[in-house]
Amino acid sequence: MNFLRGVMGGQSAGPQHTEAETIQKLCDRVASSTLLDDRRNAVRALKSLSKKYRLEVGIQAMEHLIHVLQTDRSDSEIIGYALDTLYNIISNDEEEEVDDVEEENSTRQSEDLGSQFTEIFIKQQENVTLLLSLLEEFDFHVRWPGVKLLTSLLKQLGPQVQQIILVSPMGVSRLMDLLADSREVIRNDGVLLLQALTRNNGAIQKIVAFENAFERLLDIITEEGNSDGGIVVEDCLILLQNLLKNNNSNQNFFKEGSYIQRMKPWFEVGDENSGWSAQKVTNLHLMLQLVRVLVSPNNPPGATSSCQKAMFQCGLLQQLCTILMATGVPADILTETINTVSEVIRGCQVNQDYFASVNAPSNPPRPAIVVLLMSMVNERQPFVLRCAVLYCFQCFLYKNQKGQGEIVSTLLPSTIDATGISVSAGQLLCGGLFSTDSLSNWCAAVALAHALQENATQKEQLLRVQLATSIGNPPVSLLQQCTNILSQGSKIQTRVGLLMLLCTWLSNCPIAVTHFLHNSANVPFLTGQIAENLGEEEQLVQGLCALLLGISIYFNDNSLESYTKEKLKQLIEKRIGKENFIEKLGFISKHEFYSRASQKPQPNFPSPEYMIFDHEFTKLVKELEGVITKAIHKSSEEDKKEEEVKKTLEQHDSIVTHYKNMIREQDLQLEELKQQISTLKCQNEQLQTAVTQQVSQIQQHKDQYNLLKVQLGKDNQPQGSYNDGSQMNGIQPEEIGRLREEIEELKSNQELLQNQLAEKDSLIENLKSSQPSPGANEESSATDSARDSEQIADLKQELATLKSQLNSQSIEITKLQTEKQELLQKTEAFAKSVPEPEQSETVTAAKATDVEGRLSALLQETKELKNEIKALSEERTAIKEQLDASNSTIAILQNEKNKLEVDITDSKKNKTIFWCCWLIRIRKYFH
């Protein structure tokens, strides 16, 4: 600012400088100054002048400002000033208050100026890329002006800037980081930036959605308080609409991500709804619109159906119905809620059934449908609300034959409440149909027509409805009453509604056509209406009368002789003329309101006067106009030929249908037989496999049995019988003999060991008894000690030999026990598996008897072997005990031997001392 004051102060001293010269000097200073402070001050001065002198600063300074962004990135302050200056140049925001005319002119000039500067800025795509890179800076004075500048660029030339960002590497991802900024100002402006970025660009919408935008936006909405939040919630909801509207990919991603479930808390407004702020109304309105985006009739049917089911499963539909029946809800929110519920239940049987069960909180409780219909036929209710209720009723009946039947049944005599306490839907529709309010007439007629849409059964049922017109007069049918009101010349809107109802009723229902033609006044009335030359207002009624008469011809079954197809066509040709009739029929599709109604199902009209056509009726007109025209131009001979062809085709179709049914039944039978054959094949293969396994098992058991017979031997049976059995069964007796010999050898070895043990015991006893006393003489002690040492050494050697023999014997016994145990297990397994399968019982009965005999003998031999092994084990235990006793005795003898050796040593020492003393004495004696 000091620099700016110096420049402006210099102007007063010399000649008067213009603003352009001042700006030029500032630009020169920015371009030529080497000091960063000077450049920063110059850019700050340009920023202060950029709002008032936008054009001059934009023309002279834009290039220098872009250069600053490229070269001075290290200084966040000068970058922030440059970004703010560019924003002031490009943005169209006006802060000064001016008159309306001046404001309009300045706004137009400002928009043109902003677009021109934006075009200059984005002409070099590197400028946008540079701006995206600056958004990565965390400094508030850089990031916030950058967000505002990019938002302004998108508002000025959105498609061009979107394309540059789309091709920029990580361009969209950088912008998505703004939603995670902890500074709310940047985060909120980031939401506005993404709004402008995603507008009408499906590719960017998909990228933003897959960058986790749904999760972040829903988190922001929750943090801000859902519908009670401020303008930030509104901005987030607008961005969500941009991402989801007309974008099937994002809608599917939103549903699969379970984000529909997170929408339920938005509508938990409670029963006491006092204090609805304007922002809350706006937020809730946008939330309802977002639900409608997901279930719009314009979406693919599969996507809409899946969203509808998800909304019912998570309780969102129930929450909407709660708002629908709540008190104190603002009118526009109630209207939008009705429209939202309408599209959530449209064509979804589960949701329609739930809606039919909803009751209003009244005493006594009334169905929600009845309460809504009461609003629809009440002329004091707002027009938009009545349109919303009609749309809700149409959606409830759309592809809902069950609901159609329930509505029609409330008109039948058997279901009408005679007390008149409760009002049914049918009674309300009839009341609206014959009301003095033309809008109620139209709405009730269209609603009743939807109860008959594509439902021949209900069309026939509705013929049973009888109405009491006045006291004392007989009741008339509903069909007759409708034609009576038509003939009375009521308002155009009423007549159009009744004619649409009659056309829907009679189409594809020959019985209803017969009832209609049975009243002799109906055909003359229609021909009279069509034949007259009336004004433009009546042309639509003439066209609808021509359509009704054409339906009476096309769907006529010729059951009435006075009004057959041929006679009706002759009547048209005589009184109206075929060309005139076709021309009047074309008035319908040429009407200005026809195309508007055919665009979308919702009856959205600016005022009641525009409420003429129904969406479903436009489909019916499109379907029948061509066929009726052809039917009128056909001659009687062609009709007869067509009838004959029809009959032939019907007969042919019946024959074809019969044969189709037969073929279908035969196909089913063939499929069943094929399945049975495949099942039997599988069973057969399984049985064959089982038989093969059983045969192999039997053979294996036979081999095992033969092996066991060989191993067990012939000890307990006569040799001759064993020889016979072995010869009979192919058994070799060598193995059995070898085993018997081994057992005998073990027994003999055991007896030998016992004898040796007894000898050692006796030897030990002798040693004990022959132990020398302490007072024995030294020579005998030495002799006994030497003999004892020799005996103990021999005894140790024999004992070691005995131990080794005993260990080897124990190993052999253990080995034999293991072999016998394995034989026993195989024998028991064989005994369990001997029973043959039922399939081969007859074939293997004789073999089973033979195997059982052999098995019993084998078991007996095994039992004997067990006893022998048990006896050997007991003997082995006894030998071990004796051996332990011998070891203990040896240890005692060893101790005694050691004592004897000590005594002998002592005696030797004493003897030496004695001889030494004796020698000393002798020497002394001789000396």
Side-chain angles (χ1 to χ4, degrees), residues 297-298 301 346-347 390-391 394-395 397-401 404 442 445-460 462 479 482 495-517 526 530 539-557 565 568-569 572 578-579 581-603 612-634 638-639 642-643 645-646 649-650 653:
N298 297 327
R346 187 177 188 268
L390 175 61
Y391 184 47
Q394 291 174 348
C395 292
L397 297 177
Y398 182 72
K399 293 184 179 180
N400 183 12
Q401 294 192 353
Q404 291 175 328
W442 191 92
V446 171
L448 197 55
H450 277 262
L452 307 175
Q453 199 77 37
E454 298 180 357
N455 196 330
T457 303
Q458 302 309 322
K459 291 177 181 179
E460 296 177 5
L462 199 61
L479 183 65
C482 291
R495 285 183 286 166
V496 169
L498 290 172
L499 285 169
M500 287 193 297
L501 170 60
L502 291 173
C503 290
T504 305
W505 194 347
L506 269 60
S507 61
N508 293 295
C509 187
I511 299 176
V513 171
T514 303
H515 278 72
F516 178 77
L517 296 176
L526 293 177
I530 300 169
Q539 286 183 351
L540 178 59
V541 176
Q542 288 183 318
L544 291 172
C545 289
L547 178 64
L548 182 58
L549 187 56
I551 290 172
S552 301
I553 295 173
Y554 186 73
F555 295 102
N556 193 339
D557 59 358
K565 285 185 178 182
L568 287 174
K569 285 195 290 184
I572 289 173
K578 290 183 179 181
E579 299 300 328
F581 179 86
I582 300 302
E583 182 183 358
K584 298 293 177 68
L585 182 62
F587 285 164
I588 302 174
S589 57
K590 293 176 182 179
H591 199 276
E592 56 179 335
F593 296 152
Y594 176 86
S595 59
R596 180 181 298 179
S598 62
Q599 292 175 0
K600 54 184 180 179
Q602 182 181 0
I612 298 297
F613 285 109
D614 173 57
H615 177 74
E616 293 297 329
F617 180 74
T618 59
K619 292 182 179 180
L620 182 66
V621 172
K622 187 177 180 180
E623 177 187 350
L624 295 179
E625 185 176 5
V627 296
I628 290 174
T629 302
K630 291 180 181 179
I632 294 298
H633 284 294
K634 286 179 182 177
E638 290 177 346
D639 282 338
E642 186 177 354
E643 288 294 332
V645 170
K646 267 188 179 180
L649 288 175
E650 288 176 358
D653 290 342

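Aromatic ring pairs are classed by plane angle as parallel below 30°, tilted from 30° to 60° and perpendicular above 60°; the pair Phe617 and Phe613 is parallel.
No donor-acceptor pair under 3.5 Å is formed between the side chain of Trp505 and the backbone N or O of Ala449. Looking only at distances, a side-chain donor or acceptor of Trp442 sits under 3.5 Å from a matching main-chain atom of Ile612. In this structure, Glu460 contributes its side chain and Ala512 its backbone to no donor-acceptor pair below 3.5 Å. Put simply, the side chain of His515 gets close to the backbone of Ile511: a donor and an acceptor are under 3.5 Å apart.
One distance of note links CZ of Phe555 with SG of Cys509; it measures 10.0 Å at 0.5 Å rounding. Taking CD of Glu592 as the reference point, atom CG of Leu540 lies at 10.5 Å (rounded to 0.5 Å). Separation of atoms CD (Gln453) and CG (Asn508) is listed at 10.0 Å; rounding is to 0.5 Å. Rounding to the nearest 0.5 angstrom, the gap separating the OG1 atom in Thr504 from the CG atom in Leu548 is 10.0 Å. Phe516 CZ to Leu502 CG: the interatomic distance, rounded to the nearest 0.5 Å, is 6.0 Å. Atom CG of Leu547 sits about 13.5 Å away from atom CD of Gln542, to the nearest 0.5 Å.
At least one side-chain heavy atom of Cys545 sits less than 4.5 Å from a side-chain heavy atom of Leu499. Taking 4.5 Å as the limit, some side-chain heavy atom of Glu579 sits within range of a side-chain heavy atom of His633. Side-chain atoms of Leu568 and Leu517, non-hydrogen and from C-beta on, do get closer than 4.5 Å to each other.
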Kindly determine whether Tyr594 and Lys622 satisfy side-chain contact (heavy atoms from CB on, under 4.5 Å), including the steps that lead there.
CA-CA 11 Å; Tyr594 176 86; Lys622 187 177 180 180; 4.0 Å; yes

Under the side-chain contact (heavy atoms from CB on, under 4.5 Å) criterion, do Leu585 and Ile632 qualify, and how do the steps go?
CA-CA 11 Å; Leu585 182 62; Ile632 294 298; over 6 Å; no

Residues Leu544, Ile588; criterion side-chain contact (heavy atoms from CB on, under 4.5 Å); working and verdict:
CA-CA 7 Å; Leu544 291 172; Ile588 302 174; 3.8 Å; yes

Residue pair Gln394, Asp614: steps toward the side-chain contact (heavy atoms from CB on, under 4.5 Å) verdict:
CA-CA 10 Å; Gln394 291 174 348; Asp614 173 57; 3.1 Å; yes

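In plain terms, the two heavy atoms of Ala631 and Tyr554 that are nearest each other are CB-CD1, 4.0 Å. In plain terms, the two heavy atoms of Lys459 and Leu452 that are nearest each other are CE-O, 3.2 Å. Scanning both residues, Gln401 and Glu454, for their nearest heavy atoms gives NE2-O, 3.8 Å. Lys565 and Asn556 get closest at one heavy-atom pair: CE-O, 3.1 Å. Shown here for Pro603 and Leu390, the closest heavy-atom pair between the two residues is CG-CD2, 4.4 Å. Arg346 approaches Pro601 most closely through the heavy-atom pair NH2-CG, 3.7 Å.
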